[in-house]
Amino acid sequence: MSFGGKEVKRIYMDNNATTAVRSEVLEAMLPFYKEQFGNPSSIHWAGQAVSGAVDSARGQVAQLINCQPEEIIFTSCGSEGNALAIKGSAEFLRSKGNHIITTAVEHPAVLNSCKYLEKQGFEVTVLAVDSEGMIDLAELEAAICEQTILISAMWGNNETGTLFPVAEIGAIARKHKVRFHTDAVQAVGRVPVDVQAAGVDMLTISGHKFGAPKGVGALYVRKGMGLTPLFHGGHQERNRRAGTHNVPGIVGLGVACELAITDLAEQDGRIRALRDRLEQGILSRIPEVQVNGHRLQRLPNTLNISFAYIEGEAILLFLDMKGVAASSGSACMSDSFGQSHVIGAMGVDPMMANSNIRFGLGLDNTEEDVDFILEILPEIIQKLRDMSPFYSERAAS
Amino acid sequence: MSFGGKEVKRIYMDNNATTAVRSEVLEAMLPFYKEQFGNPSSIHWAGQAVSGAVDSARGQVAQLINCQPEEIIFTSCGSEGNALAIKGSAEFLRSKGNHIITTAVEHPAVLNSCKYLEKQGFEVTVLAVDSEGMIDLAELEAAICEQTILISAMWGNNETGTLFPVAEIGAIARKHKVRFHTDAVQAVGRVPVDVQAAGVDMLTISGHKFGAPKGVGALYVRKGMGLTPLFHGGHQERNRRAGTHNVPGIVGLGVACELAITDLAEQDGRIRALRDRLEQGILSRIPEVQVNGHRLQRLPNTLNISFAYIEGEAILLFLDMKGVAASSGSACMSDSFGQSHVIGAMGVDPMMANSNIRFGLGLDNTEEDVDFILEILPEIIQKLRDMSPFYSERAAS
Amino acid sequence: MYSDKVIDHFTNPRNVGVIIDADGVGEKVSASCGDRMKVFLKVVDGVIEDLKFQTYGCGAAIASSSMMSELVIGKTLDEALALTNDAVAEALDGLPDPKLHCSNLAADALHDAIKNYKEEGA
Ligand SMILES: Cc1ncc(COP(=O)(O)O)c(C=O)c1O
Ligand SMILES: Cc1ncc(COP(=O)(O)O)c(C=O)c1O
Ligand code: FES
Ligand code: FES
């Protein structure tokens with residue numbers, strides 16, 4: 001890519017928004033477009049050649065999160081998984097109660113599913129978070145009432161990387177016999193996810209966040225837990241999700257899950273070290289910055305950091321011109337106005353809240369990438385601060 | 001493929017279940033897995049490189065069906081499109097009325113969405129069809145009442161290929177100011193589809209039925225028609241369908257739509273001629289057979305034909321052993337027990353209804369393929385008839 | 001997403017800074033996003049002889065500020081008052097729909113500075 005004639009190096013640090021498909025994944029998918037293209041529900045050779053592939057992928061997903069293959073429902077994305085889990089459970093359990101508990105820092109796919117249910121007569125308690133983005137477990141437990149049918153609390157936050165104490169939430173849910181859903185879209189492939197150990201009843205996965213393609217995801221639903229489907233029709237996915245299987249996507253998701261099992265060490269080791277190097281480097285080079293999210297309970301690949309006196313999009317644009325892709329909280333252009341609901345819920349000072357930048361590291365990133373960012377970022381920040389009325393007013397005061 | 005050591009030729013005639021991805025489609029998709037892998041909602045280079053591709057694909061889909069690009073919502077499959085159209089409209093229009101009209105021969109994705117709505121308090125009129133699978137327009141018009149908010153009637157039937165008089169249905173819907181949805185999953189790419197000429201308000205497309213990959217589809221929604229979404233969250237698709245775009249799939253769907261524009265002549269010409277050759281060949285070689293569906297108003301690629309005294313799955317298995325992939329109505333294994341609801345609704349004699357075979361021709365089929373089937377089929381049918389008590393009883397009587 | 005002109009003005013914003021002895025100072029805070037712009041004017045014989053700005057905002061806001069400064073330096077106050085946010089956006093070869101509001105910041109801050117200049121002058 002070039003700006004004004006100059007070639008720039010490209011550094012992708014927005015892996016929380018989406019990731020490149022991994023070579024092994026794409027290779028595994030390719031035979032399923034033109035050669036093994038059958039419908040796995042068909043009984044003839046063309047169908048049978050692929051139904052085994054769907055079964056294998058189901059096994060691979062199940063193994064990564066430690067569940068049974070038949071507890072996996074293949075979906076098209078994380079948003080579908082969240083909608084199916086939340087709306088599907090709420091409708092199914094309506095006769096048991098109408099109260100749902102979630103948190104203020106969930107992804108919009110969860111929060112807006114809950115808002116939709118509110119219009120349908122459900123009551124929703126939205127738990128607050130502290131300045132590190134953490135919920136209070138006592139508050140969660142206190143919020144449970146007779147009517148509570150569902151808790152939806154994410155595993156890892158997409159903006160700050162904050163990891164909720166999922167096992168503790170699971171224990172509370174189990175104690176009160178409330179169904180527990182977790183949006184693990186950012187966690188799967190980055191930290192160990194074990195639905196048994198965590199006592200999770202439903203868990204959302206999205207393929208494109210860890211090397212599988214866009215357009216495929218999965219929802220884990222514990223055996224015996226009923227669900228009203230979103231898509232009706234064919235008998236696919238044990239009547240819980242109609243629609244011809246996205247065979248290549250499903251195969252790709254399976255392979256990505258298999259790779260993830262061994263990659264977790266790299267996430268916890270090399271990626272975490274790179275992230276920490278970036279964080280320490282920024283903190284030591286640039287004054288008046290603030291890391292957002294929990295310092296310890298955090299996804300190993302995520303750094304959310306704010307720069308006083310300036311605005312996030314402007315920082316992103318300058319980074320982009322230098323070839324660095326990062327983001328400010330959400331990948332959604334329309335969300336870029338005003339402040340992120342996650343940062344807002346953490347009570348971050350508005351001056352800091354509007355300038356938060358998210359670096360989402362991935363397997364392709366190197367020490368060089370980090371050092372390049374550390375080299376260019378101070379200048380970018382200073383240039384923008386020099387333009388800002390807040391900065392000169394502050395300096396003057 | 002080999003059975004008992006013998007190599008067999010493979011003939012795929014189940015294109016109504018699914019199709020192979022076309023070479024041009026796959027080629028167009030490939031750059032979007034590993035190189036241009038960004039999230040189109042991201043503002044940096046990685047996102048911007050792909051957002052144009054999503055826009056182009058939207059234009060290509062729109063051009064095929066003659067609508068505006070912004071009237072296209074990308075989905076993950078036909079079942080999603082049908083669920084979004086029907087449930088999304090019903091919920092959105094609930095304050096206007098609670099009555100929906102559909103037909104007895106719709107795909108389960110439509111019929112089961114309607115059944116779901118019945119449980120939510122909607123009234124559903126299911127129009128009967130005649131022996132050729134055709135609805136009665138007078139009956140349709142008579143069914144419309146004050147409360148009617150939606151008509152859902154398919155364009156082309158997936159089992160028999162029968163084409164509904166969509167423009168006439170559209171005119172009636174318009175006259176009574178009722179929203180009109182059509183499931184055009186089997187029609188798009190096989191017959192000309194023009195939403196303006198047909199007066200259609202919503203139309204479902206599924207990519208894998210005409211050379212695009214599995215896992216992508218589209219729903220046309222006429223401008224100004226509101227819809228309650230199924231997936232909540234991000235602002236994708238003008239807030240009507242949250243979830244990261246399936247970029248490669250969407251690109252593939254676009255190319256398939258572009259190819260379809262020029263392929264329609266081949267469908268109407270060569271494919272239709274092959275289908276007719278197969279039909280005539282069977283009718284002239286095998287006694288006591290019956291073609292199901294409308295003889296004239298029919299998809300050019302579809303032949304649904306019944307063989308008295310025997311059972312469909314057994315025919316399919318023998319065909320399969322000879323390398324011929326066909327189906328009996330639905331691709332759903334679980335649907336293969338008992339009789340197809342489409343054939344049932346047409347009042348077909350049960351002896352015929354249980355043995356209906358669907359040949360769904362595609363662009364790859366040749367005259368040789370047809371002639372091969374004509375060569376092997378009489379023997380298969382006779383072998384099964386010789387085993388059948390009905391046949392010997394009939395022969396004896 | 002942004003036009004080349006937006007990127008140019010964002011990367012090399014013209015007339016950033018403060019005028020210590022400004023004849024008029026104006027300010028605008030966006031209601032929709034909280035972004036903020038300050039404008040400093042030097043006026044001679046009813047003509048804007050110099051203008052400097054400070055902007056806390058997104059790429060579109062910074063580029064709009066810069067473009068606005070180029071459009072009005074050397075213009076009369078009346079001409080400057082006639083400047084609309086649409087004109088700023090147009091001079092930038094357009095802004096993406098969700099970013100159209102950002103050009104308001106520049107026009108509004110300018111108009112506020114002129115108003116303050118006139119009130120103080122009176
Ligand atoms: C008429 C019709 N509608 C809907 C569908 C469902 O499409 P999909 O399998 O892509 O969900 C099909 C295909 O099975 C179909 O033939
Ligand atoms: C935590 C979380 N949940 C859900 C989603 C939605 O996933 P998808 O874009 O695959 O629908 C995302 C990704 O944007 C996410 O980060
Ligand atoms: S005996 Fe097998 S389906 Fe009837
Ligand atoms: S988003 Fe605030 S001015 Fe552009």
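Throughout, protein chains are lettered first and strands after them, A, B, ... in sequence-line order, and every chain is numbered starting at 1.
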key: Lys/Arg N to Asp/Glu carboxylate O, C:K5 vs C:E90, below 4.0 Å   = no
query = Any salt bridge between A:R394 and A:E288, counting N to O under 4.0 Å?
reply = yes
inquiry  = Between A:Y309 and A:F390 (judged by ring centroids, cut-off 6.0 Å), do the two rings come close enough to count as a pair?
reply    = no
So which part of [X] gets closer than 4.5 Å to some heavy atom of chain A, the side chain, the backbone, both or neither?
X: C:A60; answer: backbone
X: C:S65; answer: neither
X: C:D35; answer: side chain

inquiry  = I need the residue from C:C58, C:G17, C:P13 with the largest number of non-hydrogen atom pairs under 4.5 Å to chain A.
reply    = C:C58
key: Which of C:G57, C:S30, C:A61 touches chain A most, by non-hydrogen pairs under 4.5 Å   = C:G57
Please list every donor-acceptor pair under 3.5 Å in which a side-chain atom of residues 105-115 of chain C meets a protein atom from a residue at least two apart or in another chain.
| from | atom 1 | to | atom 2 | distance (Å) |
| --- | --- | --- | --- | --- |
| C:H111 | ND1 | C:A107 | O | 3.3 |
| C:H111 | NE2 | C:A80 | O | 3.4 |
| C:H111 | NE2 | C:L81 | O | 3.2 |
| C:H111 | NE2 | C:L83 | O | 3.0 |
| C:D112 | OD2 | C:E27 | N | 2.7 |

inquiry  = So does A:I343 get a backbone contact from the side chain of A:E159, meaning a donor-acceptor N/O pair under 3.5 Å?
reply    = no
